[in-house]
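Here is the naming used below: chain letters follow the sequence lines, and residue numbers restart at 1 for every chain.
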Amino acid sequence: MHKLHLFVFFLISVCMLSACTQVRSWERGYLAKKEMAWDPDSLEGALNDHIFFSKEASSGGNSTAGGGCGCN
Amino acid sequence: MKKYRSRSLIALSTSALALPGIALSDSPPVETTLAYKFSNYKEDDLSRSEAPFSDLERYDIDVHQFQLLSPVGRNMALQVYASHETLTGASPWFTSSDTNGNPIVSLSGASGISDKRSELSVGGRYYMQNGTIGANVGYSEEDDYKATYFGIDGVRNFNNDMTTVTIGFSFSSDDIFPTDALLFNRVISKDKRSASLAFSVSQVINQISTIQSTVSITELTGFLSDPYKLRDSRPENKTQVAWATSYRRFFDSANAALHINYRLYHDDFGIDSQTLEFAWHQNLNSSWQLVPSVRYYSQSAADFFINIDDFLNPLTNFQSSDYRLSAFGAFSGGLSVIQDFGEWSANFTAERYVSDEKYSTYAVAQPSTALTRYFRISLGIEFAF
C-alpha cells in the first residue's frame with residue numbers, strides 16, 4: 001500500500017510538470033502575489049510546524065530540520 | 001515535580017528560517033519588515049474516565065514571536081527571529097489499566113508546572129544573478145534543555161528561472177538535563193544531535209500555477225527517550241525521511257489562491273504517515289483577505305509503542321506509551337482574517353485540532369489514551385518601511 005501511495009504521488013507530480021509552459025518574467029504577476037508564496041506568513045508557518053512537530057511523530061519535508069526542540 | 005518540556009508548542013524551531021529563500025522570490029528585499037505575533041495554545045482537559053486518579057488539565061501556552069527582515073547593501077538580506085514562550089499544565093506521566101483492562105493515564109501534577117523558553121536565530125542571505133546562498137545560527141534555552149544549531153543552503157535557478165533547485169543542510173546539538181532528576185531517578189544529563197539534509201525542486205507550470213517537491217533526510221543520535229515518563233526507553237538512533245509536494249494555483253476569476261500540500265513520511269521507529277492540507281486565500285477587496293484551511297494527518301504506531309506501561313519489561317527492551325508514537329489520525333481546520341493597511345497589516349487566526357485513533361488510516365493495534373485536542377488563536381501585526 002505504501003508503495004502504491006508513492007507511485008501515485010510520483011505520477012501526479014510528473015503529470016503536472018509535463019504541462020509546463022514557458023513563462024517570461026513579465027508574465028509572473030500572479031505568481032509574484034504574496035498569497036502565492038510557499039509560505040505567505042512565515043511566523044504562522046513556523047508556529048504550525050512546531051505545534052505539529054510537538055504533537056505528531058512526523059516532521060520534515062519542507063526544509064532542513066533546524067534545531068531547538070527536544071519535545072519529540 | 002515534573003517540569004516537562006514544554007516542547008509542546010515550544011520553540012518555533014528554525015524550520016521555516018533555515019531556507020528563507022525557498023519560495024519564488026530570488027531578489028533581495030527592498031524594504032525592512034518587522035513582524036510580531038502573539039498566540040495562545042490551549043489543550044482540552046482529559047476526561048475523568050481517561051485519567052481517574054490525576055489532574056486533568058493539560059498544556060496552556062502563550063507564544064510571542066518576533067521577526068526582522070531587512071536588506072543589507074544591494075545584494076544581501078538579514079533575518080532575525082526571536083520567540084518567547086510561557087507554559088503551564090501537564091503531560092502524561094505513565095499509563096496503567098482500569099478494572100476492565102482499558103488504558104488510563106496519569107498526568108504529571110499540573111498545579112506546580114510552569115516553564116519558559118526563549119530562542120534567537122540570526123540568518124543572512126546573499127543574492128546572485130541565478131540564485132542565492134543563505135546561512136543561519138540559533139540558540140534556544142529552557143530550564144532543562146539547550147539547543148545550538150546552524151543551517152546553510154544554496155538556491156539555483158535554471159531554465160529561464162522556470163526551475164529552482166535548493167539544497168540545504170542543518171545541524172543541531174542539544175543538551176538535556178531534567179529537573180528533579182535525583183528525586184525521581186531521572187537521567188542527570190544527556191545529549192542529542194540531529195543532522196538534516198533537504199533537496200527541493202520548484203517548477204513554474206504556467207502563469208498561474210507552480211509546484212514544489214522536497215525530500216528531506218534527518219538523522220538523530222543520542223538520547224531520544226522522554227526523561228519525564230516513568231517508563232520510556234527508545235533507540236538512540238533514528239532516521240527520518242519525508243517527501244513533500246506543494247502546489248499553488250491562482251484563480252483570476254475568484255481573485256483567490258489555492259494551496260495544496262501533501263507529505264509522505266517514514267522513520268525507522270516504524271512510523272509511516274501522510275499529511276494533506278488545503279488552504280484557500282480569498283481576496284475580498286484590496287485590503288481584506290480570508291484564508292480558510294483544513295488539514296488531515298494519519299500515522300502508524302512505532303514498533304515499540306505500548307498503550308499500558310509494562311514495568312516488568314527490562315529497561316533494555318524498547319518501550320514507550322507516548323501517545324505521539326501511537327497510531328492515530330487528526331483533523332484540523334482554521335480561519336485567518338488578514339487586513340492590509342498599506343505599510344501596516346494585521347492578521348487573526350483561529351484553529352481547532354482534534355486527534356483520535358478512529359481517524360487513522362493505519363491499523364490501530366493498541367489505541368492510546370491522552371490524544372490531543374486543542375484550540376489556538378493568534379494575533380499578528382506587520383510593519384514594512
Side-chain angles (χ1 to χ4, degrees), chain A residues 1-3 5-10 12-72, chain B residues 5 7-16 18-19 22-24 35 37 39 65 67 119 138 140 145 147 149 151 168-170 172 174 176 194 196 198 203-208 210-214 216 218 240 242 244-246 248 250 257 263 265 271-273 281 297 299 324-325 372 380:
Chain A
M1 181 58 83
H2 188 63
K3 288 181 179 177
H5 289 151
L6 280 173
F7 177 73
V8 171
F9 187 61
F10 177 75
I12 292 172
S13 299
V14 169
C15 288
M16 296 177 89
L17 286 176
S18 66
C20 299
T21 56
Q22 189 65 237
V23 181
R24 305 295 179 185
S25 57
W26 59 86
E27 298 174 318
R28 300 189 179 191
Y30 292 128
L31 300 178
K33 285 178 175 287
K34 185 175 182 180
E35 59 267 30
M36 283 290 284
W38 301 118
D39 192 9
D41 182 345
S42 59
L43 294 184
E44 176 76 11
L47 181 66
N48 263 327
D49 280 352
H50 195 75
I51 292 173
F52 298 139
F53 173 75
S54 301
K55 297 301 164 190
E56 299 167 348
S58 312
S59 62
N62 294 323
S63 68
T64 49
C69 179
C71 55
N72 220 346
Chain B
R5 265 353 350 210
R7 310 198 195 310
S8 352
L9 232 225
I10 299 234
L12 311 182
S13 50
T14 53
S15 310
L19 299 175
I22 201 167
L24 284 174
K37 188 184 289 278
S39 300
Q65 297 171 271
Q67 183 170 266
E119 179 177 7
S140 69
Y145 196 91
Y149 55 90
F169 174 79
S170 70
S172 180
D174 302 0
I176 306 157
S194 65
S196 181
Q203 176 69 43
V204 173
I205 299 172
N206 52 37
Q207 294 181 26
I208 56 170
T210 184
I211 191 169
Q212 181 184 74
S213 193
T214 304
S216 68
T218 302
Q240 302 172 298
T245 291
S246 298
R248 303 286 180 267
F250 193 82
R263 181 184 66 184
Y265 170 90
I271 293 175
D272 294 309
S273 77
H281 293 244
Y297 172 81
Q299 71 172 53
R324 294 170 299 187
L325 301 180
T372 309

Q: Looking at B/Phe250, is its backbone amide N or carbonyl O close enough to the side chain of A/Glu35 to form a donor-acceptor pair, meaning the two atoms are under 3.5 Å apart?
A: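 Pair absent, no side-chain N/O of A/Glu35 close to backbone of B/Phe250.
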Q: Given 3.5 Å as the limit, does a donor-acceptor pair link the side chain of B/Thr210 with the main chain of B/Gln203, or not?
A: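 Yes; judged by distance alone, with no hydrogens or angles, the pair exists.
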Q: Using a cut-off of under 4.5 Å for heavy-atom pairs, which of B/Arg248, B/Gln299, B/His281 has the most such pairs with chain A?
A: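 The residue among B/Arg248, B/Gln299, B/His281 with the greatest pair count is B/Arg248.
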Q: At a heavy-atom separation under 4.5 Å, does A/Ser59 approach chain B through its side chain, its backbone, both, or neither?
A: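 For A/Ser59, backbone and side chain are both near chain B.
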Q: Checking heavy atoms, do the side chain of B/Ile208, its backbone, both or neither come under 4.5 Å from chain A?
A: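 Both parts, backbone and side chain.
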Q: With only heavy atoms counted, which part of B/Thr372 is less than 4.5 Å from chain A, the side chain, the backbone, both or neither?
A: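 Answer is side chain: those atoms of B/Thr372 sit under 4.5 Å from chain A.
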Q: Please classify the contact of B/Gln207 with chain A as side chain, backbone, both or neither, using a heavy-atom distance under 4.5 Å.
A: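 It is both, since atoms from each part get that close.
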Q: Give me the atom names and distance for the closest heavy-atom approach of B/Ile176 to B/Tyr145.
A: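 Taking B/Ile176 first and B/Tyr145 second, the nearest heavy atoms are CG1-CE1, 3.3 Å.
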Q: Could you grab the distance from atom OG of A/Ser58 to atom CZ of B/Arg263, nearest 0.5 Å is fine?
A: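 Spacing of OG (A/Ser58) from CZ (B/Arg263) equals 5.0 Å.
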Q: CD/B/Gln65 to CG/A/Leu47 distance, rounded to the nearest 0.5 angstrom?
A: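 It comes to 5.0 Å.
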